[in-house]
Amino acid sequence: MLVCNVVGARPNFMKIAPIVDELRRRDLPQLLVHTGQHYDANMSQVFFDELGLPRPDIDLEIGSDSHARQTARVMMAFEAVCLQHLPDLVIVVGDVNSTLAAALVAAKLHIPVAHVEAGLRSFDQSMPEEINRIVADHLSTLLFTTEQAGTDNLQREGVAAGKIHFVGNCMADTLLKHAAVAVEQSPWQAFDLTPGAYALLTLHRPANVDDFATFSALLRALDSVTARLPLLFPVHPRTRARLEDWRVPLPANLKLVEPQPYLAFLGLMARARLVLTDSGGVQQETTMLNVPCLTLRDTTELPVTLSAGTNRLVGHDVALIATSVQQIMEGQWPTGQHPPLWDGQVGRRIVDVIEMWAAGRSSAASPHGV
Ligand code: UD1
């Protein structure tokens with residue numbers, strides 16, 4: 001059985017790493033395809049190096065484009081890969097355009113698809129990721145969910161219960177493996193920061209950064225943070241472009257830096273007093289690290305980070321951001337718990353399910369069940 005793992009953008013790399021590791025440990029044949037949706041060294045190569053991922057067997061070098069063109073280019077290139085290598089299973093992770101494109105190609109070639117991080121819903125279809133998730137899920141044969149809400153959403157949408165496997169969160173495997181080393185490297189020193197005495201910001205969602213009025217209002221709302229703490233801001237390329245286009249006035253005490261490698265960012269999160277973000281991955285990682293997280297969105301597809309974790313949705317609400325910051329500074333913040341099955345064993349569980357599924361297929365294909 002040949003498994004084809006597909007990655008494209010930064011948040012995919014930490015999700016695929018435990019699966020690649022586990023397939024390798026069991027000597028199962030696999031192919032790693034990078035679509036090249038993210039291509040800058042600090043958005044891609046450095047993650048491969050730090051996570052110990054093998055060099056991709058195939059790099060499609062798609063790069064950036066409009067949604068339709070980017071998705072279409074991945075589809076055309078990935079179809080050729082599938083026709084050449086004839087994988088028995090295509091694994092896609094997360095919700096980026098590469099996830100959608102690879103799932104569509106495989107399903108149309110009748111190659112079964114496994115979707116890792118299935119069933120998450122923000123119920124906001126203005127987010128491109130929501131469309132990608134819904135379509136990828138409904139094309140998949142194996143749906144691996146990270147939290148109960150994922151399973152519930154899929155069942156409500158009519159996905160057969162037998163296809164859904166609640167296995168936990170792959171990113172937690174990667175985080176647990178690397179957290180100690182990440183902190184040991186003291187990445188805050190490079191920015192003259194003191195552990196526990198700085199805040200960390202990420203911002204890249206189109207809904208937050210593509211509209212001038214929204215983006216500048218959000219930056220102004222950060223005054224309640226920067227008045228108390230230095231705020232480190234690793235700037236995503238999309239956001240960097242907007243900052244350059246608009247020359248938005250920036251709060252004092254906001255330090256703009258390049259996108260950080262996995263280990264440095266993990267270490268920075270682990271010792272931040274608080275994190276502000278619009279990223280999905282960061283909401284999950286702060287919950288694992290038990291660091292207060294203010295999510296600059298009105299919805300989240302990750303409700304367990306609100307109920308069990310350290311996350312709070314603050315949208316663009318200046319007053320709520322200010323009150324939340326004050327509560328965090330006064331130590332009045334709920335202590336997070338690791339959500340169920342975010343335990344470092346997720347890659348193993350996923351490959352167990354894949355092996356059982358493959359065994360079931362081969363016995364069904366043989367008239368004698370051997
Ligand atoms: C993509 C994902 C998003 C994910 C995010 C993580 C989709 C629809 N969105 O958004 O879900 O949270 O990745 O980062 O798939 N660019 C570079 N260098 C790179 C990559 C991008 O400069 O290595 C620039 C390009 O100018 C591009 C822009 O960033 O136009 C946005 O990149 P794109 O892949 O379109 O989407 P992201 O905003 O990164």
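As the structure is a computational prediction, the values presented were derived from the model and not from experiment. Atoms within a ligand are numbered from 1 in the order they appear, just like the ligands themselves.
- Taking distance alone, with nitrogen or oxygen atoms compared against 3.5 Å, Asn132 stays at or beyond that limit from ligand 1.
- Of the protein's heavy atoms, Val96 CG1, 3.7 Å lies nearest to atom 2 (C) of ligand 1.
- Between Asp65 and ligand 1, a contact under 3.5 Å exists for no N or O pair.
- Using modelled atom types, one side-chain atom of Ser216 and one backbone atom of Phe212 make a donor-acceptor pair closer than 3.5 Å.
- Side-chain contact, Asn97 with Gln37: no donor N or O sits under 3.5 Å from an acceptor N or O.
- Ranked by closest heavy atom to atom 39 (O) of ligand 1, the top entry among His38, Arg133, His204 is His38.
- Across the listed options Gln70, Glu129, Met127, Glu129 owns the non-hydrogen atom lying nearest to atom 9 (N) of ligand 1.
- Ranking the protein heavy atoms by distance from atom 34 (O) of ligand 1 puts Gln37 NE2, 3.2 Å first.
- No side-chain heavy atom of Val7 sits under 4.5 Å from any side-chain heavy atom of Val33.
- The contact set between ligand 1 and Pro237, taken as ligand atoms under 4.0 Å from a residue heavy atom, comprises 16 (N), 17 (C), 18 (N), 22 (O), 24 (C), 29 (O).
- With respect to Thr295, the side chain to side chain donor-acceptor pair (under 3.5 Å) criterion is satisfied by exactly one of Thr286, Thr305, Asn311: Asn311.
- Heavy-atom contacts from other residues, nucleotides or ligands closer than 6.0 Å to CZ of Arg69 number 12 or fewer.
- Contacts with ligand 1 closer than 4.0 Å are made by side-chain heavy atoms of Pro11 only, the backbone lying farther away.
- In terms of protein heavy-atom proximity, atom 17 (C) of ligand 1 is nearest to Tyr39 OH, 3.3 Å.
- Remark: ligand 1 and His67 share no N or O pair separated by less than 3.5 Å (distance only, no angle test).
- Under a 4.0 Å criterion applied to the non-hydrogen atoms of Arg238, ligand 1 contributes the atoms 29 (O), 31 (C), 36 (O), 38 (O).
- Of the protein's non-hydrogen atoms, Asn97 OD1, 3.3 Å is the one closest to atom 8 (C) of ligand 1.
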Which donor-acceptor pairs under 3.5 Å do side chains of residues 334-351 form with protein atoms, sequence neighbours excluded?
from   : atom 1 : to     : atom 2 : distance (Å)
His338 : NE2    : Met288 : O      : 3.0
Trp342 : NE1    : Thr146 : O      : 2.9
Asp343 : OD1    : Gln345 : N      : 3.0
Asp343 : OD1    : Arg349 : NH1    : 3.4
Asp343 : OD1    : Arg349 : NH2    : 3.2
Asp343 : OD2    : Arg349 : NH2    : 2.3
Gln345 : OE1    : Arg348 : NE     : 2.9
Arg348 : NH1    : Asp352 : OD2    : 3.3
Arg349 : NH1    : Val167 : O      : 2.6

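- For the residue pair Asn290/Thr310, the side-chain donor-acceptor check at 3.5 Å is not satisfied.
- With contacts defined as side-chain heavy-atom distances shorter than 4.5 Å, the pair Met269/Val291 does not qualify.
- Centroid-to-centroid, the aromatic rings of Phe13 and His34 come within less than 6.0 Å.
- Distance from atom 27 (C) of ligand 1 to its nearest protein heavy atom, with residue and atom name: Ser64 OG, 3.2 Å.
- Protein heavy atom nearest atom 18 (N) of ligand 1, with residue, atom name and distance: Asp40 OD2, 2.9 Å.
- Under the 4.0 angstrom criterion for non-hydrogen atoms, Arg240 is not in contact with ligand 1.
- Checking Glu301, Glu130, Arg156 one by one against Arg121, the side chain to side chain contact (heavy atoms under 4.5 Å, CB included) holds for a single residue, Glu130.
- Close approach of ligand 1 to Met43 (heavy-atom distance below 4.0 Å) involves ligand atoms 23 (O).
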